[in-house]
Amino acid sequence: MPAPLDHDFVRAVARAADRQAVPLAARPEEEPAGSTHRALARRVKTLVAAYRSPHSALHGGSRAVAATMTHLRALRAAQTATGLFAGGDNLQSPPDSAFTVNDVCDAHLLAAGAGPELSDATAALAEIAHAATGSLLTGGVHTPNHRWELCAALARLHRSFPDGRLLDRVADWLAEGVDIDAEGLYSERSANYAAHVSNPSLLLLSDVLGRADLLDAVERNLTTTLDLIRPDGTVETVHSRRQDQHHPFPLAPYLPHYRLLAIRTGRGDFGRAARLAAAGGIDDPGLLAETLLTPDLCRALPAPAPRTLPRHRYLTTARLAAHASATAHTVVYGGSDVPGHRRIRSGLACNPTFLRLFAGDAVLDAVRLSRAFFDMGPFRAAETHRLADTRYRLTETLTTGYYQPLPPSRRRDDGAYRMADEGRFSAAMAFPDRPRDEVSHTTGVEVDLREDGADLRIDIGGPRVPWALELTFRPGGVPRGAVPMGEGRWCLTTGPVTYRAGDDEIRVEAGVEAGEPLAGPDRGDVLRYDPGQDHTVVGGTDATTGNRLYIGGYGPHTLTVALRARRAAPAP
């Protein structure tokens with residue numbers, strides 16, 4: 001017997017849709033100037049869903065129909081002769097247009113079953129969909145997740161307007177294999193694209209094609225994501241290869257996926273995640289259409305599974321460890337793509353943060369290690385080794401050099417040598433043809449995760465260069481025991497520092513095992529974060545913001561850092 005309806009959820013979803021749709025319906029003839037084609041399609045879908053839903057204030061209302069037609073005219077005007085849409089950074093992009101067509105097809109399915117009142121809307125939606133079909137059928141992509149968004153659009157088009165060519169094209173893309181690894185992470189390792197693109201697209205494809213393997217991929221990703229949910233209700237993104245690697249990502253967009261699979265499988269851990277995703281309220285206006293198209297979403301969730309603590313997970317493919325206890329939630333990360341590719345690039349995991357620590361209201365958002373070695377940037381581990389269940393060693397060796405004269409056979413009378421990149425910079429020097437005197441710098445960070453925090457042992461080898469360990473705390477707390485340096489910066493010299501927020505705190509204590517004494521607050525040239533020339537050459541930075549505590553000096557050094565969390569109330 002199916003689970004009963006969750007009436008509170010259904011009403012909350014309708015309210016979220018009405019918050020967007022009701023103002024639009026109040027001005028049904030107002031042209032939506034400045035809206036992107038994707039925003040227009042989302043609004044159309046929400047307006048049609050509100051018209052169809054008995055829980056919406058717009059149910060069966062003529063003003064919702066009028067507003068729908070106004071938006072459809074604007075959407076059709078944004079469609080070019082190719083059937084793709086104008087606007088945005090990617091000109092007439094098949095995948096960007098696929099996002100819009102997915103919403104168009106969902107709206108068409110809802111409108112087609114609504115009766116004669118939406119017949120004009122149904123026809124307009126069909127016209128838009130037909131115009132885009134040819135270009136989506138032959139179009140290409142430029143990111144991994146785009147394949148599944150495009151496939152979802154083709155499958156939706158087939159659902160409403162059956163055409164075997166559409167399924168053949170979907171089969172071509174799916175024959176490449178879904179880019180999910182053994183740990184349940186998609187190749188882009190992005191919470192944003194998992195929640196907004198890959199998971200919903202694969203769920204749709206599983207439903208239309210009857211492919212259980214695609215549903216299994218989504219379940220695997222959601223299972224792994226459980227261990228990446230942070231105490232503040234966001235999902236860890238430090239390991240992402242996309243834009244979200246530098247920003248927190250909320251759990252809320254995962255709500256329909258956790259909810260649907262919890263209801264269909266009975267998994268209490270997914271039910272717990274679905275409740276957490278909705279804990280801050282439901283704000284997504286698009287959820288109403290999803291509930292109408294997938295009625296299972298409206299069923300009551302299974303009982304939540306209790307949270308087991310302590311809990312530890314190491315993702316070998318991303319080289320990321322997450323350790324959760326009643327006192328602290330700690331993340332260790334050593335999976336940057338930069339050491340392997342030797343560049344900062346969109347699509348690579350570039351974040352130099354290697355540790356985070358959550359202790360209730362006291363949050364250590366980022367620990368980074370900056371070195372002034374030939375301006376080659378902060379520490380990003382090239383290798384990560386698991387030494388024990390909760391102990392890890394992250395290592396990196398940077399190597400550059402000074403170049404000798406060219407051998408006689410490689411010299412040119414005109415001095416016109418080919419441009420070459422030597423890893424740090426480019427010049428017309430024919431670097432590969434020259435002997436090189438190498439200079440190396442090594443960094444090793446050993447992390448021992450504890451129930452109340454972490455112990456770090458940092459080994460800095462190589463020539464005598466300045467280094468700085470930067471600990472960035474989330475605003476809202478007060479550092480005690482540190483020397484202020486101005487502009488939200490403090491320095492740890494000898495004694496411990498406590499960062500207190502509300503009734504929670506994180507204590508930092510450092511000790512030098514080998515090397516010179518630590519730098520004092522008068523050494524602002526040392527106690528700073530240097531993003532490296534890949535950023536500074538174009539006037540950019542990836543520096544953090546917040547309350548920054550610095551520990552630094554001139555290497556070589558062996559340093560120990562103890563991080564201890566104390567909470568007024570343990571985590572539930």
Side-chain angles (χ1 to χ4, degrees), residues 89 142-143 241-243 245-246 319 334-354 368-384 394-445 458-470 523-544 552-557:
D89 296 332
H142 57 260
T143 69
R241 290 183 164 123
R242 297 303 304 271
Q243 300 94 324
Q245 65 184 273
H246 297 295
R319 305 204 303 271
S336 175
D337 291 320
V338 174
H341 290 265
R342 303 186 72 181
R343 66 181 63 194
I344 305 295
R345 177 74 73 192
S346 176
L348 296 180
C350 303
N351 195 327
T353 295
F354 66 86
R368 298 178 173 190
L369 180 60
S370 181
R371 297 82 42 94
F373 181 74
F374 289 91
D375 206 18
M376 293 181 73
F379 170 69
R380 293 180 174 92
E383 295 183 359
T384 302
L394 317 179
T395 58
E396 180 191 34
T397 297
L398 298 176
T399 301
T400 186
Y402 294 98
Y403 292 87
Q404 298 289 348
L406 285 166
S409 63
R410 300 289 187 175
R411 297 171 188 167
R412 297 174 58 100
D413 292 339
D414 61 2
Y417 298 101
R418 59 191 173 92
M419 286 289 293
D421 190 296
E422 63 91 58
R424 292 193 299 131
F425 61 94
S426 299
M429 288 276 289
F431 290 119
D433 299 333
R434 296 175 181 272
R436 186 170 85 154
D437 300 328
E438 291 191 343
V439 184
S440 293
H441 184 283
T442 61
T443 304
V445 179
I458 302 172
D459 293 301
I460 300 171
R464 186 177 185 270
V465 296
W467 60 269
L469 187 71
E470 179 188 72
R523 296 309 308 267
D525 58 325
V526 174
L527 301 175
R528 65 184 183 87
Y529 173 76
D530 180 1
Q533 66 177 10
D534 280 358
H535 286 285
T536 58
V537 73
V538 292
T541 186
D542 65 347
T544 61
Y554 280 85
H557 261 109

Checklist entry - Taking it one step at a time, do Gln404 and Asp437 satisfy side-chain contact (heavy atoms from CB on, under 4.5 Å)? => result CA-CA 8 Å; Gln404 298 289 348; Asp437 300 328; 2.5 Å; yes

Item to check | For Arg410, salt bridge (charged side-chain N to carboxylate O under 4.0 Å, His left out) partners two or more places apart | outcome: none

Next on the checklist: Evaluate Asp542 against Arg368 for side-chain contact (heavy atoms from CB on, under 4.5 Å), listing each step before the verdict.
Outcome noted: CA-CA 11 Å; Asp542 65 347; Arg368 298 178 173 190; 4.0 Å; yes

Checklist entry - How about Arg343: does its CZ atom have over 12 heavy atoms from other parts shown lying under 6.0 Å from it? => result no

Next on the checklist: Less than 4.5 Å apart, side chain to side chain, heavy atoms only: is that true for Pro432 and Arg418?
Outcome noted: yes

Item to check | Nearest heavy-atom neighbours spanning Thr536 and Pro531 | outcome: CG2-CG, 3.7 Å

Item to check | Test side-chain contact (heavy atoms from CB on, under 4.5 Å) applied to Phe373 and Val439, Ile460, Thr443, Asp530, the passing residue | outcome: Val439

Next on the checklist: Using the rule given for side chain to side chain donor-acceptor pair (under 3.5 Å), can you reason through Tyr554 versus Arg523, listing the C-alpha separation, both sets of side-chain angles and the distance that settles it, and then say yes or no?
Outcome noted: CA-CA 11 Å; Tyr554 280 85; Arg523 296 309 308 267; 3.1 Å; yes

Next on the checklist: Would you compute the distance between atom CZ of Phe425 and atom OG1 of Thr400 and round it to the nearest 0.5 angstrom?
Outcome noted: 7.0 Å

Next on the checklist: I'd like to know if the side chain of Asp421 reaches the main chain of Ser426, judged simply by a donor and an acceptor atom lying under 3.5 Å from each other, with no hydrogens or angles considered.
Outcome noted: no

Item to check | For the student: nearest non-hydrogen atoms of Ala349 and Gly335, plus distance | outcome: CB-O, 4.2 Å

Checklist entry - Looking at CG of Leu348 and NE2 of His341, how far apart are the two atoms once the value is rounded to the nearest 0.5 Å? => result 5.0 Å

Checklist entry - How far apart are the closest heavy atoms of Trp467 and Gly555, and which atoms are they? => result CD1-N, 3.4 Å

Item to check | Euclidean distance, Met376 CE relative to Gln533 CD, rounded to 0.5 Å | outcome: 8.0 Å

Checklist entry - Counting only heavy atoms not in Asp414, do more than 12 fall under 6.0 Å of its CG? => result yes

Checklist outcome for this item: Interatomic distance, CG@Asn351 vs CD@Gln245, rounded to 0.5 Å, equals 6.0 Å

Item to check | Residue pair Thr397, Thr442: steps toward the side chain to side chain donor-acceptor pair (under 3.5 Å) verdict | outcome: CA-CA 4 Å; Thr397 297; Thr442 61; 5.4 Å; no

Next on the checklist: Check this for me, if you would: do Asp433 and Arg412 make a salt bridge, where the nitrogen-to-carboxylate-oxygen distance has to be below 4.0 angstrom?
Outcome noted: no

Checklist entry - Looking only at heavy atoms, what is the nearest atom pair of Arg411 and Leu406, with distance? => result NE-O, 2.8 Å

Item to check | Residue pair Asp525 / Pro466, side-chain heavy-atom distance below 4.5 Å | outcome: no

Checklist entry - How many angstroms lie between atom CG of Leu394 and atom OG1 of Thr384, to the nearest 0.5 angstrom? => result 4.5 Å

Item to check | Separation between CD1 of Ile344 and CZ of Arg380, rounded to the nearest 0.5 Å | outcome: 4.0 Å

Next on the checklist: What I'd like to find out is whether the side chain of Ser336 reaches to under 4.5 Å of the side chain of Phe354, using heavy atoms alone.
Outcome noted: no

Checklist entry - Of the non-hydrogen atoms in Pro463 and Ser440, which two are nearest, and what is the gap between them? => result CD-O, 3.3 Å

Next on the checklist: Please check: side-chain N/O of Arg241 versus main-chain N/O of Gly347, any donor-acceptor pairing under 3.5 Å?
Outcome noted: no

Next on the checklist: Using the ring pair (Phe, Tyr, Trp, His ring centres under 6.0 Å) criterion, which residues pair with Phe374? Sequence neighbours excluded.
Outcome noted: Tyr402

Next on the checklist: Looking at every non-hydrogen atom in both residues, tell me the closest pair between Pro352 and Pro378 and how far apart they are.
Outcome noted: CB-CG, 3.7 Å

Item to check | Verdict with supporting geometry, Glu396 and Arg371, salt bridge (Lys or Arg N to Asp or Glu O under 4.0 Å) | outcome: CA-CA 12 Å; Glu396 180 191 34; Arg371 297 82 42 94; 3.0 Å; yes

